[in-house]
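A short write-up of the structure that comes next.
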Amino acid sequence: MTESDDTKPRRNFIQQAIDEDVAAGKYGGQVHMRFPPEPNGYPHIGHAKAICVNFGLAKEFGGACNLRFDDTNPVKEETEYVDAIRDDISWLGFEWHEEILYASDYFDQLYQFAVKLITDGNAYVCELSPEETREYRGTLTEPGRNGPYRDRPVEESLDLFARMKAGEFENGSKTVRAKIDMASPNLNMRDPVMYRVLNANHHRTGDAWCIYPMYDFAHGQSDSIEGITHSLCSLEFENHRPLYDWFCEKLEIHHPRQIEFARLNMTNTITSKRKLRELVESGRLSGWDDPRMPTLRGLRRRGYTPASIRSFCDTVGLAKYNSTVDITLLENAIRDDLNKTAPRYMAVLRPLKMVITNYPEDQVEMVSAVNNPEDPDAGRRDVPFTREVFIEQDDFREEAPRKFFRLTVGKEVRLRYAYYVTCTAVVKDDAGEITEVHCSYDPESRGGKTPDGRKVKGTIHWVSATESPRAEVRLYDRLFSTDNPESKPADAAEDWTLLENLNPDSLEVIEAPTEPALAQLPVGTQVQFERLGYFCVDPDSTPDRPVFNRTVTLRDSWARMEKQMAQKK
RNA sequence: UACCCGGUGGUGUAAUCGGCAACACAUCUGGUUUUGGUCCAGACAUUCGAGGUUCGAGUCCUCGCCGGGUAGCCA
């Protein structure tokens, strides 16, 4: 990486913090990160940011990044999610350090840590019920009170803890608690629970354990065991940092630095696992990989590239306050990527038949088209041209508005890579609907220019009416039509849910004629349909009927202009 | 009403420990163009408020105001 000298370094607050640690020789100048997902759901765009931050920073500082599953709550976690998370991280383009790790690998060590804390008088076995525990804890404004088991003898706690592990007690009957300060203004320090009795089958340890450590007593300790130097997490753990530090100090173990940053929020979508699950389970979306989902598998199926998501995560930056990123940033990232790489093709989404009256019947002529004007190496291809072609309904207007450069009776436009055509007549059915347009072409204009050098304002795409295979095209749009799907309108009914903010037009399925080259592309291939947008080949495709998903439309400044003119009226 | 964290354009982030508020997206103008795409050029903020320190404050201090987090045996 060489940066020009005049490029000012743009360091976010975490990079600066690590810079300082490295410069001070803390942790021997080493950097070792980790990404610690709980395997209880599919990763979404918000996780992508966390992944990019952790793996990206590790790489930047020449360190490694572990992938560790935070699997300390067996009732919520499943192997299915472990696999999904692993695959999505790989897909995004990151490599974790050596083997995949699990907090559950450390259950024995964690148990020993707890024994040490009890032995040192820093923890005890508590027999308060969950309700009593809450009562003793106090409230946000009132201090808690010491419980009756707080000062029991060390030996007694040790014995009880061993019996907890041996499975002698009911769920919820006993806990191990850190002995800190029931009057602390930080509720996390009011003797937090370290272990609970949970008779549940764990996805990896099976029935070996019936007590499981809580996040606060598993996460930091796992970081420590792995020699993590910088432990990044989201903002809501800021209040846990004193506890994170307390455990490391009392245990006298390697002490990583916890740094918090804001998780990603984006407009026009949601990132709540629970709500996404609702969308899937209600059948409104086809699954976790529905191309409208903000999940990584959804984005992947939609046509988003790993590079585009990484670039997006790069531009959203890092902060210590919650913000909401405009979804146009994501859309811009994929356009930017695909513009350089996606080969162009022609397809007509809303066909209108054009008859070129002075063109020979039954003639099929191949015209040569550029595959990608952004990439000289992409070459050219042939596209069949015939007397009857389809053009886009939008590209013809009987009464053309101001600045409409496209086709209207009496006007000449260019059929991209083919000929200039001039509209001579409109044909309508009994209902008055336009069924076809008639044109004459200029044989001299083959390839899209004329010897006399005359210019036409408009160039439109087309497809042969007789030589074009059909494809299924799924026109995807934003999942929610409002910036903030969670915001309830002032006049909303009592049973309002965010489902009412769903974009009713987030999917439209159509059949479209395409140029022949589009018929046999491998699943996942990303292309641009000229003047329309970027599309990719969906796994639902069959050999005789490809299915294309619209990833994102092209920018459409004409549509914008037209909308503006309509508003001015 | 306890404690913690935070407020920079329409949006998201910068500003090298006090020195001309920068970048991207969005929006608007114009130019190029065989995609109304891309590309190029230009426009768009006196940094939540009030004081204070200073030659000089987005940066430091004080007091307000506003927003977020925290009372799981979830993570």
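Chain letters run A, B, ... following the sequence lines, proteins first and then strands; every chain starts at 1.
- Of the two residues near RNA chain B, A/Asn188 and A/Gln528, the one whose nearest nucleotide lies more 5' is A/Gln528.
- Taking side-chain N and O atoms only, A/Arg560 has a distance below 4.0 Å to OP1 or OP2 of B/C28.
- Across all strands, A/Phe237 comes closer than 4.0 Å to base atoms (heavy-atom distances).
- Base orientation of B/G72: syn, the glycosidic angle falling within 90° of 0.
- When the P atom is used for both B/C48 and B/U8, the distance is 6 Å, rounded to whole Å.
- Residue contacts shown for A/Ser184 are absent, as no nucleic acid heavy atom lies under 4.0 Å away.
- Atom name P, nucleotides B/A43 and B/G36: the rounded distance is 28 Å, in whole Å.
- Closest contact between the side chain of A/Thr139 and the listed nucleotides B/U35, B/A71, B/A75 involves B/A71.
- Within a 6.0 Å sphere centred on NZ of A/Lys449, other residues, nucleotides and ligands contribute 12 heavy atoms or fewer.
- For the ring-ring contact (aromatic ring centres under 6.0 Å, His included) test, no residue two or more places apart in sequence or in another chain qualifies with A/Tyr106.
- At a threshold of 4.0 angstrom between heavy atoms, the contacts of A/Leu128 include nucleobase atoms, whether or not backbone atoms are also involved.
- At a threshold of 4.0 angstrom between heavy atoms, the contacts of A/Gln16 are confined to the sugar-phosphate backbone, with no base atom among them.
- Put simply, the residue from A/Thr422, A/Leu415, A/Ile391 that forms a side-chain contact (heavy atoms from CB on, under 4.5 Å) with A/Leu407 is A/Ile391.
- Atom C1' of nucleotide B/G68 and atom CZ of A/Arg263 are separated by 13 Å, given to the nearest angstrom.
- Among pairs with a residue in residues 327-343 of chain A, those fulfilling salt bridge (charged side-chain N to carboxylate O under 4.0 Å, His left out) read A/Glu331-A/Arg478, A/Asp336-A/Lys340, at least two apart in sequence or across chains.
- Contact annotation: A/Thr267 does not reach the phosphate of B/U11 (side-chain N/O to OP1 or OP2, under 4.0 Å).
- When the ring-ring contact (aromatic ring centres under 6.0 Å, His included) test is applied to A/Phe69, the partners found at least two apart in sequence or on another chain are A/Tyr102.
- Between the side chain of A/Arg134 and the base of B/G72 there is no donor-acceptor pair of N/O atoms closer than 3.5 Å.
- The residue from A/Tyr345, A/Phe548, A/Phe529 that alone fulfils the ring pair (Phe, Tyr, Trp, His ring centres under 6.0 Å) condition with A/Phe535 is A/Phe529.
- In summary, of the residues considered (A/Ile211, A/Asp216, A/Leu117, A/Thr175), a side-chain contact (heavy atoms from CB on, under 4.5 Å) with A/Met194 occurs for A/Leu117 alone.
- Among the atoms of the strands shown, none is found under 4.0 Å from any heavy atom of A/Phe69.
- For A/Gln221, there are no side chain to side chain donor-acceptor pair (under 3.5 Å) partners two or more places apart in sequence or in a different chain.
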Find every protein N or O atom lying less than 3.5 Å from an N or O atom of nucleotides 19-25 of chain B, and list the pairs.
from: B/C25; atom 1: O2'; to: A/Thr328; atom 2: OG1; distance (Å): 3.1

Exercise for review: Could you provide the dot-bracket string of RNA chain B, using ( ) for intrastrand pairs, [ ] for crossing pairs and | for bases paired to another strand, with Watson-Crick or G-U pairs below 3.5 Å?
Suggested key: .((((((..((((.....[..)))).(((((.......)))))....(((((..]....))))))))))).....

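- Annotation: cation-pi geometry not satisfied between A/Lys320 and A/Phe261 (NZ/CZ under 6.0 angstrom from ring centroid, within 45° of ring axis).
- Residue A/Arg531 has its side chain nearest to B/G36 when only B/G36, B/G12, B/C74 are considered.
- When the side-chain nitrogen and oxygen atoms of A/Arg177 are compared with OP1 and OP2 of B/C73, none of them lie within a distance under 4.0 Å.
- A/Phe237 is linked by a ring-ring contact (aromatic ring centres under 6.0 Å, His included) to A/Tyr215, A/His240, counting only residues two or more places apart in sequence or in another chain.
- Partners of A/Tyr441 according to the ring-ring contact (aromatic ring centres under 6.0 Å, His included) rule, which considers only residues two or more places apart in sequence or in another chain, are A/Tyr359, A/Tyr419.
- Residue A/Thr459 places none of its side-chain N or O atoms closer than 4.0 Å to OP1 or OP2 of B/U33.
- Every residue two or more places apart in sequence or in another chain that forms a side chain to side chain donor-acceptor pair (under 3.5 Å) with A/Asn40 is listed here: A/Glu38, A/Lys273.
- Counting any heavy atom pair closer than 4.0 Å across all strands shown, A/Thr175 reaches a base atom.
- Put simply, NE2 on A/His47 is 10 Å from C1' on B/A75, counting in whole angstrom units.
- Comparing B/C61 with B/U53, their C1' atoms sit 7 Å apart, to the nearest whole Å.
- Among the protein residues, A/Glu38 comes within range of the sugar-phosphate backbone only, with heavy atoms under 4.0 Å from sugar or phosphate atoms but none that close to a base.
- Centre separation under 5.5 Å together with a plane angle under 30° holds for the ring of A/Trp558 and the six-membered base ring of B/G36, marking them as stacked.
- When the C1' atom is used for both B/A41 and B/C5, the distance is 43 Å, rounded to whole Å.
- Contact annotation: side chain of A/Glu374 to base of B/G37, donor-acceptor pair present below 3.5 Å.
- When heavy atoms are screened at a 4.0 angstrom cut-off, A/Met561 is found touching base atoms of the nucleic acid.
- Annotation: B/A57 and B/U1 have their C1' atoms spaced 34 Å apart (nearest Å).
- Comparing B/A75, B/U13, B/A14 by their nearest atom to the side chain of A/Asn12 picks out B/A14.
- When the side chain to side chain donor-acceptor pair (under 3.5 Å) test is applied to A/Glu260, the partners found at least two apart in sequence or on another chain are A/Arg241, A/Gln258.
- Ranked by how close their nearest RNA chain B nucleotide is to the 5' end, A/Arg406 and A/Ser323 are led by A/Ser323.
- Rounded to a whole angstrom, the distance from the P atom of B/G18 to that of B/A24 is 28 Å.
- Checked against B/G37, B/C73, B/A75, the side chain of A/Arg344 finds its nearest nucleotide in B/G37.
- Within 6.0 Å of atom NZ in A/Lys488, more than 12 heavy atoms from other residues, nucleotides or ligands are found, so the atom counts as buried in its surroundings.
- Among the heavy atoms of the strands lying under 4.0 Å from A/Lys76 is at least one base atom, whether or not backbone atoms are also near.
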Under-3.5 Å N/O pairs linking protein and nucleotides 2-6 of chain B:
from: B/A2; atom 1: N3; to: A/Leu140; atom 2: O; distance (Å): 2.9
from: B/C5; atom 1: O2'; to: A/Glu238; atom 2: OE2; distance (Å): 3.3

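- Counting any heavy atom pair closer than 4.0 Å across all strands shown, A/His461 reaches no nucleic acid atom.
- Backbone-only engagement by A/Leu318 is indicated by non-hydrogen atom pairs under 4.0 Å involving sugar-phosphate atoms exclusively.
- Using atom C1' as the reference point in both B/C73 and B/A2, the two lie 24 Å apart (nearest Å).
- In this model, the phosphate group of B/C74 is approached by a side-chain N or O of A/Arg196 to a distance below 4.0 Å at OP1 or OP2.
- Checked against side chain to side chain donor-acceptor pair (under 3.5 Å), A/Thr459 has the following partners two or more places apart in sequence or in another chain: A/Arg414.
- Put simply, A/Gln15 has no side-chain N or O that comes within less than 4.0 Å of OP1 or OP2 on B/U13.
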